[in-house]
Amino acid sequence: MSRTIYSLWLAVLAVYSFWISLAHAVSGQEPLKGATEGRGYNLGEPIPVSCLNRTVETGEHITDASGQLQYVPFPTCNETGRPLELFFGVEQSLNCTLDFISDPFFHLLEFYIHNDAPLSCRIPSKPLPPSVLEKDFREVDETTQEGALGSQSSLYTPLVVALSGTLQLSHLHVGNDLNLLVHAKPKSEDPGTIDAATAYSIASHTRNARVTIGDSLSLHFSVRWYPSTTLPPGWSGYGGHLYKSTFLYCLLSAGASAAICVAYFRGVELPRRLKRYAGDRMGVGRGGGYGLPVANGRGNGYGGYGYGIGTGNGKRID
Ligand SMILES: *[C@@H]1O[C@H](CO)[C@@H](O)[C@H](O)[C@H]1NC(C)=O
Ligand SMILES: *[C@@H]1O[C@H](CO)[C@@H](O)[C@H](O)[C@H]1NC(C)=O
Ligand SMILES: *[C@@H]1O[C@H](CO)[C@@H](O)[C@H](O)[C@H]1NC(C)=O
């Protein structure tokens, strides 16, 4: 009897686990629709940067027959031989030298610097699912191209590079020192996911590169990562942050000034006061009147009275 119940129980268990694994298998085969599904980046995982292709004539973005925007990989960096890549969570100084500024690219740079068109790039918010990667980069994929600039696709995070500089007749100056900020979603919410990104030229009037057609252009990115969408407070007055070295410096200078004060007091001020005190004593002794320290007063002051004695007569040492 109990044996029958036991085997019945086993059968139920087997059916149940089969059903569970079947459900898992089915859900695992559903296509990934957005970045909310799928795995996040691991620390240091490369993140490709792609940008809108634009016409050289007007700087307008290029769309295909079905009206979809065309993203192309960021120009190849000489350092790596690959288009620009970021690395998840890695704060670094990243150099990307564009070996040869072609005629079309030069004109695009003019558009960017003249603010006729932004250098609109994007990065995948999470590692792209194989279904997207398998396609040619330029091929239009509905899931990646929703909304203006493809920015409403949850697969990508927009990264607009605000290049600044100045245009001249034959050449241009590009602010090639850039800050690149990336915000990741809080780890508790969605680990390994990018939420926002931006880049901008810094100090473009003093640090820039002169570029003509055929030159190379070296871009220096200072990449910073933030573990949430709020920026940490940065401003603490023009003194800058209270760094450890600043604190140490304060301590040292406090110590040094204390030493100087002590030396001054003992070497200059104390003898002067003693001298005055001795002079006063002499004056009192000779019938009142504040006198200049007399010649023998010095001798008395030091030898006769020593340090800090003889205040019993009510004279104030100030
Ligand atoms: C950008 O578009 C132009 C014009 O359609 C095309 O010739 C060029 O190959 C595209 N750029 C890239 C990198 O695909
Ligand atoms: C980037 O280039 C600058 C200037 O050319 C150089 O000083 C710096 O060391 C380079 N940094 C890296 C990480 O290659
Ligand atoms: C880029 O790399 C190529 C081949 O490695 C080299 O010949 C060229 O001088 C490099 N250009 C710059 C600007 O460093």
Side-chain angles (χ1 to χ4, degrees), residues 43-44 46-112 116-124 128 132-141 144-145 148-150 156 158-161 163 165 171-182 199-225:
L43 190 68
I47 303 164
V49 181
S50 50
C51 304
L52 268 184
N53 195 6
R54 294 186 178 277
T55 63
V56 176
E57 289 78 29
T58 61
E60 265 191 275
H61 49 249
I62 292 174
T63 50
D64 70 350
S66 63
Q68 302 284 9
L69 296 165
Q70 188 186 52
Y71 280 89
V72 295
F74 195 92
T76 302
C77 309
N78 223 33
E79 285 81 0
T80 56
R82 298 158 61 82
L84 181 67
E85 283 173 322
L86 306 176
F87 300 92
F88 190 86
V90 179
E91 302 213 313
Q92 60 183 162
S93 147
L94 199 65
N95 288 344
C96 179
T97 303
L98 314 182
D99 193 27
F100 182 84
I101 301 300
S102 62
D103 186 81
F105 191 74
F106 182 82
H107 291 299
L108 289 179
L109 279 178
E110 288 183 318
F111 288 129
Y112 300 145
D116 300 316
L119 174 50
S120 314
C121 304
R122 65 180 189 179
I123 48 182
L128 291 174
V132 179
L133 282 179
E134 276 160 17
K135 305 198 181 207
D136 180 8
F137 226 109
R138 266 159 275 173
E139 195 180 317
V140 172
D141 174 25
T144 66
Q145 298 287 354
L149 309 187
Y156 290 95
L159 167 60
V160 175
V161 183
L163 270 186
H171 64 274
L172 50 82
H173 294 268
V174 188
N176 60 336
D177 263 322
L178 298 117
N179 282 342
L180 200 163
L181 316 183
V182 194
Y200 52 91
S201 295
I202 50 170
S204 59
H205 296 294
T206 49
R207 274 183 277 165
N208 54 31
R210 185 187 191 278
V211 179
T212 50
I213 295 167
D215 283 351
S216 66
L217 170 60
S218 193
L219 301 172
H220 311 300
F221 293 96
S222 287
V223 185
R224 294 291 176 271
W225 286 80

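Every value quoted in this text rests on a predicted model; they were computed, and no experiment measured them. Ligands are counted one by one from 1 in listed order, and the atoms in each one are counted from 1 as well.
How far CD of Glu91 is from CG of Leu180: 11.5 Å, rounded to the nearest 0.5 Å. We find the CD1-CZ distance between Ile213 and Phe100 to be 8.5 Å, quoted to the nearest 0.5 Å.
Taking atom 4 (C) of ligand 2 as the reference point, the nearest protein heavy-atom neighbour is His220 CE1, 3.8 Å. Scanning the protein for heavy atoms near atom 13 (C) of ligand 2, the closest one is Ser93 O, 3.4 Å. Annotation: atom 11 (N) of ligand 2 to nearest protein heavy atom, Asn95 ND2, 3.0 Å. Atom 10 (C) of ligand 3 has as its closest protein heavy atom Asn78 ND2, 2.3 Å.
With ligand atoms numbered from 1 in the order given, ligand 3 contributes 13 (C) to contacts under 4.0 Å with heavy atoms of Ser216. Taking every heavy atom of Asn53 and a limit of under 4.0 angstrom, the matching atoms of ligand 1 come to 1 (C), 2 (O), 3 (C), 8 (C), 10 (C), 11 (N), 12 (C).
The nearest protein heavy atom to atom 2 (O) of ligand 3 is closer than 4.0 Å. Counting protein heavy atoms under 4.0 angstrom from atom 7 (O) of ligand 3 gives zero.
Between Tyr71 and Tyr156, the angle of the ring planes stays under 30°, which puts this pair in the parallel group of the 30/60° scheme.
Scanning for salt bridge (Lys or Arg N to Asp or Glu O under 4.0 Å) contacts around Arg207 gives Asp177, with sequence neighbours left out.
Side-chain atoms of Arg54 come within 3.5 Å of backbone N or O of Pro118 as a donor-acceptor pair.
Gln70 counts as a contact of ligand 1, since one of its heavy atoms falls under 4.0 Å from the ligand.
Residue contacts with ligand 2 for Gln92 are absent, since no atom lies close enough (heavy atoms, distance under 4.0 Å).
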